[in-house]
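In what follows, a structure is listed as structure tokens, so that the remarks can point back to it.
Model, not experiment: these values are computed from the prediction. In what follows, chains carry the letters A, B, and so on, assigned in the order in which the sequence lines appear, proteins first and then strands, with residues in each chain numbered from 1.
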There are 2 protein chains.
Amino acid sequence: MTRRDDIKAETRELILQAAHSLFWEKGAEKCTIRGIAQEAGVSAATIIVHFKNKTALLEAVLSEDIEETLSGALGTLPRDAGLQATLLHIATAMVNFYDHNRELYRVLIRDTLFEPSHESPSISKMDSEYFPIVAAIIDREKAAGKIRKEVDSLLASQAFFSLYIGQIREFLRTPEMSVSTTLNHMSNILDLLFNGMYIQEDNS
Amino acid sequence: MTRRDDIKAETRELILQAAHSLFWEKGAEKCTIRGIAQEAGVSAATIIVHFKNKTALLEAVLSEDIEETLSGALGTLPRDAGLQATLLHIATAMVNFYDHNRELYRVLIRDTLFEPSHESPSISKMDSEYFPIVAAIIDREKAAGKIRKEVDSLLASQAFFSLYIGQIREFLRTPEMSVSTTLNHMSNILDLLFNGMYIQEDNS
DNA sequence: TACATACATTAAACATGTTTATCATATATA
DNA sequence: TATATATGATAAACATGTTTAATGTATGTA
């Protein structure tokens, strides 16, 4: 229950490090399993045994940084920030993060977003972790009388996510699109949604 | 300029028919270029010469029906339908259409949505054709005093598209999600957006 | 008509993700 | 300690998308 597991974990780590290095250096599509295997000092078959397929390896390599960025953004939230500011804060962190290597994240999202959730567990953790957090903020704002009571929190979270992904898509597949332009669009689109979600103050 | 081109067009048609038949029968991922080539009576290399890669072939096979469905929906619009009803009308047509073979369209959208627009011209025609149409409707409603003047028509179109794709994603990757549930969500999400977009009648 | 060129087609080769059958060894058991 | 079993690792094979180099023929030209 120890020795063998240690070696296995070590092998896994070797693969992850080699993959991380090569993915970042050459991009996901230019990297081959054989190349990563060589860099890690293992066989190609070993990689598949550990990670099931190339996409799963890419996900394993990138998901840690993504989660760190996301939780970092959640941790640096301005105290008492409203929902709209919160969402823009998160989006800002993520766009700046993805900008470090657009091609890499483009391939990751492309290859995981439309898969059934059990195929890409790291990514779809968002469904189970991120949505409830946003939904909770919405409920708090509802209690504070800022958001209409009829709004379905979960549905609204999904709507935010859809709008977010839509912009991320444009950002990742359009090299000439700058971070600031993207965030501007993001902000304007949030405005669009919120001006309906917030209760108008001058009712009756 | 004739004889040779005719033969080429004929070959192309043979490939398209074989691909259409096999894609629908076995799904895109279970189909091989060699299998389609055999069914069409040509070589695998010929298919690549005609269509560049497997995704482009899939796109060529499916895009005609998609465009037909979309223009069909646009053609059966209730006269003087408002924007919200129009969008739901289109979404209804598309969801019912995709339901005929979710797996096939899932793979198509997955493999094209995050590619640069020049890689999948048929799909990204939406950017240049569909968006202006919706934007025009928005402008009309602005002129009619139903939508706030400050709303950016193009940005709003993109927002609709993002929300639409977000729901389509859930629909295509979740087998147990029914058409009616999907359309319910779609309708509710549109409500969310519109209740901010429409001018509140009781201002001041 | 005879010939040169362009080009549609293809067989074979190639690249690469993945599977399979085998080997070696750590672990458990007697 | 000696033996059996479970399993991590791997080489080789396989499947399939794509490229390459070669072939034959339609088209244009003399």
Side-chain angles (χ1 to χ4, degrees), chain A residues 1-20 22-23 25-62 103-104 107-108 110-112 115 119-120, chain B residues 1-20 22-23 25-62 103-104 107-108 110-112 115 119-120:
Chain A
M1 196 102 95
T2 11
R3 179 75 183 285
R4 219 171 167 126
D5 286 353
D6 283 353
I7 292 177
K8 189 176 181 183
E10 217 168 284
T11 301
R12 185 189 153 93
E13 209 49 45
L14 283 175
I15 296 170
L16 279 174
Q17 284 172 19
H20 191 281
L22 288 184
F23 278 146
E25 181 188 326
K26 313 179 5 180
E29 302 191 298
K30 293 269 177 68
C31 276
T32 67
I33 300 268
R34 283 171 180 78
I36 295 170
Q38 184 162 22
E39 175 89 8
V42 301
S43 79
T46 300
I47 294 187
I48 298 294
V49 167
H50 276 258
F51 292 97
K52 176 183 168 192
N53 59 39
K54 192 183 174 184
T55 297
L57 174 59
L58 182 64
E59 191 182 359
V61 165
L62 299 183
E103 179 60 12
L104 206 46
V107 171
L108 173 70
R110 181 196 65 193
D111 289 346
T112 56
E115 296 304 309
E119 287 288 331
S120 48
Chain B
M1 198 100 94
T2 11
R3 177 74 183 286
R4 220 173 167 124
D5 286 353
D6 281 355
I7 293 176
K8 191 176 180 182
E10 217 167 283
T11 301
R12 186 189 153 92
E13 209 49 45
L14 283 176
I15 295 170
L16 280 175
Q17 284 172 19
H20 191 281
L22 287 185
F23 278 147
E25 181 188 325
K26 311 178 7 181
E29 302 191 298
K30 292 270 178 66
C31 276
T32 68
I33 300 268
R34 284 170 178 79
I36 296 170
Q38 183 161 24
E39 174 90 7
V42 302
S43 79
T46 299
I47 293 186
I48 298 293
V49 168
H50 276 258
F51 293 97
K52 178 183 167 192
N53 59 39
K54 192 182 173 184
T55 297
L57 174 59
L58 182 63
E59 191 182 0
V61 165
L62 299 183
E103 179 59 15
L104 205 47
V107 171
L108 173 71
R110 181 195 66 194
D111 290 345
T112 56
E115 296 304 309
E119 287 288 332
S120 49

| Residues forming a salt bridge (Lys or Arg N to Asp or Glu O under 4.0 Å) with A/E13, sequence neighbours excluded |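 Once residues adjacent in sequence are excluded, A/E13 has no partner under the salt bridge (Lys or Arg N to Asp or Glu O under 4.0 Å) criterion.
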| request: With sequence neighbours excluded, tell me which residues meet salt bridge (Lys or Arg N to Asp or Glu O under 4.0 Å) with B/E59. | output: none
Measure the distance from [atom1] on [X] to [atom2] on [N] and round it to the nearest whole Å.
X     : N      : atom1 : atom2 : value
A/D5  : C/dT27 : CG    : C1'   : 11 Å
A/I7  : C/dT27 : CD1   : C1'   : 12 Å
A/D6  : D/dT7  : CG    : P     : 17 Å
A/K8  : D/dA9  : NZ    : P     : 7 Å
A/F51 : C/dT19 : CZ    : P     : 16 Å

For [X], give me all partners under side chain to side chain donor-acceptor pair (under 3.5 Å), at least two apart in sequence or on another chain.
X     : value
A/Q38 : none
A/T46 : A/S43
B/K8  : none

| request: Inspect the contact between A/E119 and A/K52 and indicate whether a charged nitrogen and a carboxylate oxygen are less than 4.0 angstrom apart. | output: yes
Please tabulate, for the side chains in residues 27-37 of chain A, all donor-acceptor contacts under 3.5 angstrom to protein atoms that are two or more places apart in sequence or on a different chain.
from  : atom 1 : to     : atom 2 : distance (Å)
A/E29 : OE2    : A/R110 : NH1    : 3.4
A/E29 : OE2    : A/R110 : NH2    : 3.0
A/T32 : OG1    : A/G35  : N      : 2.9

| said: Using a 4.0 Å heavy-atom cut-off to protein, can you give one letter per nucleotide of nucleotides 10-18 of chain D, 5' to 3': B if the base is in contact, S if only the sugar-phosphate is, - if neither? | reply: BB-B--BBB
| task | Report, as a single string ordered 5' to 3', how protein heavy atoms within less than 4.0 Å touch nucleotides 1-6 of chain D: B base, S sugar-phosphate only, - not at all. | result | -----B
| said: Does anything in residues 36-47 of chain B form a salt bridge (Lys or Arg N to Asp or Glu O under 4.0 Å)? List the pairs, not counting sequence neighbours. | reply: none
